[in-house]
Every structure is written in C-alpha cells, then in structure tokens.
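Because the structure is predicted, anything quoted here is derived from the model rather than measured.
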Amino acid sequence: MLGINLLFAGFALTLNGVSYITKVDDKVKGVANVLVGLVIAINAIFQAANATDHITFGFSAAMWLFAINYFIIAAHIFFGSTNWKVFGLYGLFAGIVSFVFMGDTLVNGGPWEMVYMWAMWGALWAQSFLAILCGSKAVDKLTPHILILNGIASTFIPGFLILLGVIL
C-alpha cells in the first residue's frame, strides 16, 4: 500500500508544483487533492493496522501526514483562503515529525530508502513553513521546484520501485 500511496502523493505534489508555474483550474486541483487525500488516508488505516514494528508504523504515519496535507490544501482552495498560515504551521509540525522519523529510522538501522524519503519530506514541509510563516521570499520562489522535485524524487519514483519490488 505504501507504493500506491506514494504514487498518488507524487501526482498531487507535482500537480501542486506545476500549478505555481502554469494556470491550473483551482476547483479541479482541489478535487484532485481531496481524492488523493482520501486514497492515502484509507490506505494509511490499513497500514497502521498491519504495522509490525515502529518502522512500519512510521510508514503509516508518513501517509497520515500526506493525507492531512492534501485535505488542508483542498480546504484552502474550496474556501478561497488567502491566508495559508495554518498550512505553514502544519509544515512546521510535519517537518519536525519527518526529521524525527528520519533520525529514528537511521539510528535503528531501518531501510536507507526511508531515511532518504523522510529527509526529502522534512525538507518539503520545512520549506512550506519557511515560505509561509517566516515570509522568506527566496524560499517561496523555490516552492514550485521543490514540490515538483519531491513529487518525482521522493514519492513517484519510490512508489513505482516499491510496487515493482525493487526497494522495501
């Protein structure tokens, strides 16, 4: 299920990144974020129920972070919110959680692929925090590129590799 979740997350991250560069219909983007959030949330329930140790439970935690992420983005879109501070604060929370799980995976000899993905996701959410709550214009200019890079390198490609049985 992790591979499926990562494929969907890769789609949403890339879509959200591309929408900064070129015009994308916000209503369709909102629906896409809700659908991706639902798929990931449903799968995360099954992942948590089948977790056998704290590393595999960490996989489901990652998916919950993504699911809530997409629900918050969709809410901002559907309610026409121009104040994204809630998402920036969520970015701080999710970034901290990601870096803690990255460290735990590293210290406990977990799969190197998860260390890499946790680091990438932590950077992604830290970027959201820095751009939104800290008002960093330099970071904000990188937002579309960070989203697209993370969408491809930390979710889409690993999702395919997991489904093909190459990693994890």
Side-chain angles (χ1 to χ4, degrees), residues 1-17 29-79 81 84-129 132-133 146-168:
M1 295 224 196
L2 179 61
I4 292 168
N5 285 351
L6 291 176
L7 283 178
F8 278 95
F11 162 71
L13 282 170
T14 305
L15 169 66
N16 293 335
K29 184 172 101 174
V31 169
N33 275 276
V34 167
L35 292 175
V36 169
L38 284 172
V39 167
I40 293 173
I42 290 166
N43 283 341
I45 291 169
F46 291 106
Q47 282 180 263
N50 293 319
T52 56
D53 56 30
H54 73 284
I55 298 289
T56 55
F57 184 77
F59 295 166
S60 65
M63 294 306 103
W64 276 111
L65 289 172
F66 275 109
I68 300 302
N69 179 78
Y70 298 125
F71 292 143
I72 293 172
I73 290 171
H76 275 84
I77 292 168
F78 289 134
F79 294 118
S81 176
W84 284 72
K85 289 183 180 179
V86 168
F87 188 72
L89 186 59
Y90 183 78
L92 175 63
F93 164 75
I96 291 169
V97 170
S98 295
F99 288 129
V100 167
F101 272 109
M102 178 198 73
D104 180 66
T105 305
L106 188 62
V107 166
N108 289 301
W112 65 267
E113 299 95 328
M114 286 308 301
V115 173
Y116 162 77
M117 287 188 279
W118 279 119
M120 291 286 285
W121 300 334
L124 171 72
W125 280 308
Q127 173 272 328
S128 295
F129 166 72
I132 295 168
L133 285 179
I146 292 170
L147 287 168
I148 294 167
L149 174 67
N150 256 289
I152 295 167
S154 75
T155 53
F156 193 72
I157 291 172
F160 261 122
L161 295 176
I162 290 168
L163 291 174
L164 292 172
V166 175
I167 62 172
L168 300 178

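- Residues Val31 and Val34 are not in side-chain contact: their nearest non-hydrogen atoms beyond the backbone lie 4.5 Å or more apart.
- Shown here are the ring pair (Phe, Tyr, Trp, His ring centres under 6.0 Å) partners of Trp64, two or more places apart in sequence or in another chain: there are none.
- Counting heavy-atom neighbours within 6.0 Å of Phe57 CZ, excluding the residue itself, gives a total of 12 or less.
- Nearest heavy atoms, Trp118 versus Ala62: CH2-CB, 3.3 Å.
- In this structure, Trp125 and Val97 have side chains that are not in contact, with every pair of non-hydrogen atoms separated by 4.5 Å or more.
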Full working for side-chain contact (heavy atoms from CB on, under 4.5 Å) between Leu65 and Asn69:
CA-CA 6 Å; Leu65 289 172; Asn69 179 78; over 6 Å; no
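- Here the closest heavy-atom approach between residue Thr105 and residue Pro111 is recorded as CG2-O, 3.8 Å.
- The side-chain hydrogen bond (donor to acceptor under 3.5 Å, both in side chains) contacts involving residues 2-13 comprise Asn5-Asn43, Asn5-Gln47, where partners must be two or more places apart or lie in separate chains.
- Residues Phe99 and Ala123 come closest through the heavy atom pair CZ-N, 3.6 Å.
- In this structure, Phe8 places its CZ atom where only 12 or fewer heavy-atom neighbours from other residues, nucleotides or ligands lie under 6.0 Å away.
- Take Phe71 and apply the side-chain contact (heavy atoms from CB on, under 4.5 Å) test, not counting sequence neighbours, and it matches Leu38, Ala41, Ala67, Ile68.
- For the pair Pro158 and Ile167, the minimum side-chain heavy-atom distance is below 4.5 Å.
- Atom CG of Leu147 sits about 11.0 Å away from atom CD1 of Ile152, to the nearest 0.5 Å.
- Closest approach of Ala74 to Gly30, counting heavy atoms only: CB-O, 3.6 Å.
- By the 4.5 Å heavy-atom criterion applied to side chains, Phe66 and Leu13 are counted as neighbours.
- Between Gly91 and Ser128 the shortest heavy-atom distance is CA-CB, 4.5 Å.
- In this structure, the side chains of Leu35 and Val39 stay at 4.5 Å or more apart for every pair of heavy atoms.
- Aromatic ring orientation, His76 versus Phe87: perpendicular (interplanar angle above 60°, classes split at 30° and 60°).
- Considering CG of Leu161 and CD of Glu113, their distance stands at 9.0 Å, rounded to 0.5 Å.
- In this structure, Leu7 and Phe156 have side chains that are in contact, with non-hydrogen atoms separated by less than 4.5 Å.
- For Leu168 against Met114, the heavy-atom pair with the smallest separation is CD1-SD, 4.0 Å.
- Put simply, CG on Leu106 and CE on Met102 are 6.5 Å apart, with the number rounded to the nearest 0.5 Å.
- Note on residues 152-168: pairs passing side-chain hydrogen bond (donor to acceptor under 3.5 Å, both in side chains), not counting sequence neighbours, are Trp121-Ser154, Asn150-Ser154.
- The side-chain contact (heavy atoms from CB on, under 4.5 Å) search around Leu15 returns Phe11, Val24, Lys29, Ala32, not counting sequence neighbours.
- Under the side chain to side chain donor-acceptor pair (under 3.5 Å) criterion, Asn16 pairs with Asn33, sequence neighbours left out.
- Between Tyr90 and Trp84, the ring centre distance reaches or exceeds 6.0 Å.
- Distance check, rounded to the nearest 0.5 Å: CD1 of Ile45 to CD1 of Ile40 gives 12.5 Å.
- The CD1 atom of Ile157 sits 12.0 Å away from atom CD1 of Ile162, with the distance rounded to the nearest 0.5 Å.
- Within 6.0 Å of CZ on Phe78 lie more than 12 heavy atoms contributed by other residues, nucleotides or ligands.
- Between Met117 and Leu6 there is a side-chain heavy-atom pair separated by less than 4.5 Å.
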